[in-house]
Amino acid sequence: MCRQPAVIDIRRHNAGFCGEHFLRLCRDQVTKAIEEFSMIGPGERVLVAVSGGKDSLAAWDLLSSLGYEADGLYLGLGIGDYSDTSGDHARRFAASRDLRLIEVDLRERYGFDIPTGSRAARRVPCSACGLAKRHVFDRVAVEGGYDVVATGHNLDDEAAVLFGNVLRWQVDYLARQLPVLPERDGFPRKVKPLVRLTEREMAAYCVLRGIDYIVEECPMSAGNKHLGYKEALNAIEQQSPGSKHDFYFGFLARASERFRAGIEADQAALRPCSACGAPTVTEVCAFCRLVERVTGERAGGSVPVELSAGSGVRPS
Amino acid sequence: MKVRLRNPDRELDVAGPLSVQHLLARLDINRESVLVIRGDTLVTSDVVLQDDDVIEIRPVISGGAF
Ligand code: SF4
Ligand SMILES: [Zn+2]
Ligand SMILES: [Zn+2]
């Protein structure tokens, strides 16, 4: 038995953990997720999508400390002070660990930021933002020769998205809601190594590892439906610990496969976007249409990236 | 004790001694959605907080990014 004082109690594990044992639990859960879903193979290069928030910095820290070769990518969204501050957190983290951080600025590269872009395109900010992130992460990964893009999605994120998709029976989304999306047409695999860990655990991980993340919320997230779903799921979790885990992993084990058949035809119809080459079912992909709508110009060409923080030399 | 809440930032004075669990119940906060930090360490729900403690209740729910 461990004699150290407990710093966190996790009701779904029915246990309290000292700092050291909790950090070990986090590493074990990430290792288990990576193995269970074949997320990252030996020698593969990982690009971590970094926002400056707790989840992405914890994911980067966990993958590096487990020995993976993982660089970070920060996308400047141009959301006022929030973006400036979150960028600083990402840069400081990279510098403190001597990790390589790649930066792309949406305004510099594509001529718009999320607030103006979403307004011009009449999309809710998070939808325009998600689209831009997916596009840029894919693109930089392909150009940089990365095998895998890792994001900081945790159990709460996945359970909330699943909850929303089930409420509306969004069958297409349900078919694609997996911890791993396989590579295709030269596009990297997408993986979510934190799916076995909750949001609260990721915040605790950061506190215990001395990771200074941005606690403030993105001002554009107000009214985001997923926040409401998370609160609802936490209310259920409080009554019956383990519900979030059972909901999400039960879906993966018992239901997810049934939705797959329906999208196979869609997959077959994928072809390269005529402007940027990303896989799409339409002539021009959704991101290029967004850029065209907002700036009147077509995206394309390569992304100039700026390196910052860390020397690119990995501590051994 | 001084209790600091975030997003939006505000501060409350609450009389101790009081367990973390009771403090959260009194403020009607779900423990799944916060961390409780005393000084610079995390504390579990059974810990009894004293009058001279400085406490941060930090929300952990984040939105967007999907
Ligand atoms: S909350 Fe929405 S707009 Fe803000 S960073 Fe997240 S996805 Fe983007
Ligand atoms: Zn221990
Ligand atoms: Zn395109």
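Throughout, a chain's letter reflects where its sequence line sits, starting with A, and its residues are numbered from 1.
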Taking every non-hydrogen atom, the tightest pair across [X] and [Y]:
| X | Y | answer |
| --- | --- | --- |
| Glu199(A) | Ile61(B) | OE1-CA, 3.2 Å |
| Leu35(B) | Val207(A) | CD1-CG2, 4.1 Å |
| Ser62(B) | Asp157(A) | O-OD1, 4.5 Å |
| Ala204(A) | Leu42(B) | CB-CD1, 3.7 Å |

Counting only heavy atoms from other residues, nucleotides and ligands, does the tally under 6.0 Å from [atom1] of [X] exceed 12?
| X | atom1 | result |
| --- | --- | --- |
| Gln238(A) | CD | yes |
| Asp13(B) | CG | yes |
| His13(A) | NE2 | yes |
| Arg27(A) | CZ | yes |
| Tyr173(A) | OH | no |
| Asp9(B) | CG | yes |
| Arg26(B) | CZ | no |

Report which part of [X] has an atom under 4.5 Å of a heavy atom belonging to chain B: side chain, backbone, both, or neither.
| X | value |
| --- | --- |
| Tyr213(A) | side chain |
| Lys225(A) | neither |
| Asp55(A) | side chain |

**Report entry** Spacing of CG belonging to Leu208(A) relative to CG belonging to Asp40(B), to within rounding of 0.5 Å
**Finding:**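 Answer for the CG-CG pair, Leu208(A) versus Asp40(B), is 10.5 Å.
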Query - Rounded distance [0.5 Å steps], CD in Glu32(B) versus CD in Gln239(A) - result: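 The CD atom of Glu32(B) sits 11.0 Å away from the CD atom of Gln239(A).
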Does any backbone or side-chain atom of [X] lie under 4.5 Å from a heavy atom of chain A? Answer side chain, backbone, both or neither.
| X | value |
| --- | --- |
| Val47(B) | neither |
| Arg6(B) | side chain |
| Ser33(B) | both |

Is there a donor-acceptor pair closer than 3.5 Å between any side-chain N or O of [X] and the backbone N or O of [Y]?
| X | Y | answer |
| --- | --- | --- |
| Asp9(A) | Thr44(B) | no |
| Arg58(B) | Ala203(A) | no |
| Lys54(A) | Val60(B) | yes |

